[in-house]
Amino acid sequence: MQLKTKEFESLFTDGLVGIAEIFEKNQFELRIAGGAVRDLLSGKRPEDVDFATTATPEEMKSMFQAAGVRMINNKGEKHGTITARLHDENFEVTTLRVDVQNDGRHAEVEFTTDWQKDAERRDLTINSMFLGLDGTLYDYFQGYEDLKYRKVRFVGSASLRIQEDYLRILRYFRFYGRVATEPEKHEPETLEAIRENGRGLAGISGERIWVELKKMLVGNHADHLLELVYELGLAQYTGLPADGNVEEMKQIWQKAHDSSPKPMTILAALFRSQEDVEKLDLRLKLSREEKNLGLFLVKYRRDLVKGQDEHDGMKLYTDFIIDSREPDSQSKVLELLKYQGENKLLVELSRWSIPRFPLSGHDLRKLGFTSGKEIGTILQKLRDTWKKSHYQMSKEELLATLSTS
């Protein structure tokens, strides 16, 4: 087949046309590779476009230099990737490769000119296609058919592909959440290969695992896929608690997934204590914000719950935010409301701006109060009065209450 869509045509900027001319002049083939092909076939304009070529890195350097094209970021060169910059755009071009040796984390590669051999070393059929710059699709493993029927399959033997890089287990789940329309349409042999090779995840760095887990958690079927992580015995190798509360997680996902929860909001449902968050952090190296959100949700999911007063359900949460005085407390409470399924309050609170308490110790000192302790006590009392007024009372009104008390 030949692709002629507006998304495909839109890729042909001055930069790409210039790069394409250089390869054509030097008689090397250049094709779009991997995820960008999948996106284009799905009718999306890809955010990132990677290219593959029959030219070696040395040949690319030589022809780019001859054409006066600048090259940046030479870190990828040993893996066969050259990044050329033309017309303010970067183009990552990688030489076709075959794996000669790998340890389940990193591969040693050799360059090739065989497009099918390069496709063979890729993880999933939907990621193994190439697209010529004339729109011709090169599909060696029925990736287009799988994409059309929303199937996620490994290229060739699932076990072999996984043993080349154990992170592909989580990549499989992540892409399943992006492509499959129904939760339980896995090939049994794929799940068996994942189960048999799961312990390989123990040797993968926490940072790489966390990148894939997060993408999985914001995709479709995240509840089903996380349950699979437990059913297939993978949790212990990823830092997730061995006795994770899977039933709670499934309930929370049903409540929250339509309101774009953060990955940690869904994951927190698995945790039975704050210690589970600490252990996950040790394994996955969470950001401070992610860890703090996990600790917060585990601590307050049962304690900070909307009261009986239906007319003012939000006040409990707004008072909490004002009392905490932390800059990110409102965003944490918004995630808590997603967790609790409080959609109406979520909309209200996301529109709410934190009001500023109109008084400070300086105002009390001007009235003659000198003791720091006394000023602190009075300020807290006035803050409580202000909260009861729905944060409406002005500085003058609050100070007036002092003369009447």
Side-chain angles (χ1 to χ4, degrees), residues 123-124 150 152 158 162 166-188 190-202 204 206-287 290-291 293-298 301 335-336 338-341:
D123 54 2
L124 305 168
R150 305 285 191 158
V152 184
I162 290 168
Y166 292 104
L167 191 67
R168 285 174 170 174
I169 289 172
L170 297 182
R171 280 176 62 80
Y172 169 82
F173 291 149
R174 190 239 293 187
F175 280 104
Y176 191 93
R178 277 178 68 170
V179 171
T181 45
E182 294 174 58
E184 303 213 31
K185 293 284 183 183
H186 307 275
E187 293 186 340
T190 298
L191 294 186
E192 196 46 46
I194 288 172
R195 186 194 301 277
E196 285 171 5
N197 290 286
R199 69 173 60 247
L201 284 168
I204 301 292
E207 290 91 336
R208 290 181 76 208
I209 285 176
W210 186 218
V211 166
E212 291 299 328
L213 261 184
K214 280 194 282 193
K215 288 176 180 172
M216 183 186 100
L217 287 162
V218 296
N220 298 322
H221 321 308
D223 56 339
H224 158 71
L225 295 169
L226 258 183
E227 186 173 27
L228 262 187
V229 165
Y230 277 88
E231 284 177 4
L232 298 174
L234 311 176
Q236 59 185 313
Y237 306 118
T238 61
L240 294 173
D243 65 340
N245 193 339
V246 174
E247 286 311 309
E248 166 116 347
M249 177 274 297
K250 284 158 70 177
Q251 288 169 25
I252 298 310
W253 191 82
Q254 289 297 336
K255 284 185 204 172
H257 75 275
D258 285 337
S259 49
S260 303
K262 290 182 177 173
M264 184 53 74
T265 304
I266 301 302
L267 220 47
L270 291 170
F271 305 143
R272 297 178 189 273
S273 69
Q274 289 189 321
E275 192 186 343
D276 287 339
V277 185
E278 299 285 356
K279 284 180 182 168
L280 188 76
D281 179 41
L282 282 175
R283 174 71 176 102
L284 301 188
K285 312 283 190 296
L286 308 174
S287 72
E290 289 161 346
K291 180 181 176 182
L293 177 60
L295 293 169
F296 173 85
L297 290 169
V298 172
R301 60 191 170 189
E335 291 303 310
L336 177 70
K338 292 174 192 178
Y339 188 103
Q340 294 170 341

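We count residues from 1, following the sequence as given. Quick note: numbers below take in every heavy atom, side chains included, and nothing from hydrogens, waters or symmetry partners. Every value quoted in this text rests on a predicted model; they were computed, and no experiment measured them.
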Intermediate values then yes/no, side chain to side chain contact (heavy atoms under 4.5 Å, CB included), L240 and L267
CA-CA 9 Å; L240 294 173; L267 220 47; 3.8 Å; yes
Under the ring-ring contact (aromatic ring centres under 6.0 Å, His included) rule, collect the residues that match up with W210, sequence neighbours excluded.
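With sequence neighbours excluded, W210 shows a ring-ring contact (aromatic ring centres under 6.0 Å, His included) to no residue whatsoever.
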Evaluate side chain to side chain contact (heavy atoms under 4.5 Å, CB included) for V211 paired with L167, printing each intermediate quantity in order.
CA-CA 10 Å; V211 166; L167 191 67; over 6 Å; no
Would you give the length of the straight line joining atom CG of D243 to atom CG of L270, rounded to the nearest 0.5 angstrom?
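Going from the CG atom of D243 to the CG atom of L270 covers 10.0 Å.
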CG of L297 to CD of Q274: how many Å apart, nearest 0.5 Å?
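Between L297 CG and Q274 CD, I get 10.5 Å after rounding to 0.5 Å.
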Side chains of E248 and Y339 only: does a donor on one sit below 3.5 Å from an acceptor on the other?
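E248 vs Y339: donor-acceptor pair found between side chains.
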Has the side chain of [X] got a donor or acceptor atom that lies under 3.5 Å from a matching backbone atom of [Y]?
X	Y	value
K291	V277	no
R174	G219	no
Y176	K185	yes
R283	Y237	yes

Test side chain to side chain contact (heavy atoms under 4.5 Å, CB included) on L280 and M264; report intermediate values, then the result.
CA-CA 11 Å; L280 188 76; M264 184 53 74; 4.1 Å; yes
Not counting sequence neighbours, which residues clear salt bridge (Lys or Arg N to Asp or Glu O under 4.0 Å) with [X]? List them please.
X	value
E196	none
K215	none
K279	E275

Indicate yes or no: at least one non-hydrogen side-chain atom of L284 is less than 4.5 angstrom from one of L213.
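In contact.
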Sequence neighbours excluded, every pair satisfying salt bridge (charged side-chain N to carboxylate O under 4.0 Å, His left out) that has a member inside residues 255-266:
K262-E289
All N/O donor-acceptor pairs, side-chain side in residues 223-230, below 3.5 Å, sequence neighbours left out:
{"unit_1": "D223", "atom_1": "OD2", "unit_2": "Q254", "atom_2": "NE2", "d": "3.3"}
{"unit_1": "H224", "atom_1": "NE2", "unit_2": "P183", "atom_2": "O", "d": "2.6"}
{"unit_1": "H224", "atom_1": "NE2", "unit_2": "H186", "atom_2": "NE2", "d": "2.9"}
{"unit_1": "E227", "atom_1": "OE1", "unit_2": "K250", "atom_2": "NZ", "d": "3.4"}
{"unit_1": "E227", "atom_1": "OE2", "unit_2": "K250", "atom_2": "NZ", "d": "3.0"}
{"unit_1": "Y230", "atom_1": "OH", "unit_2": "P241", "atom_2": "O", "d": "2.6"}

For a quick test of reading the model, state the closest non-hydrogen atom pair linking K338 to S260 and the distance between them.
NZ-O, 3.1 Å
Given side chain to side chain contact (heavy atoms under 4.5 Å, CB included), test K214 with E290 step by step and report yes or no.
CA-CA 11 Å; K214 280 194 282 193; E290 289 161 346; 2.9 Å; yes
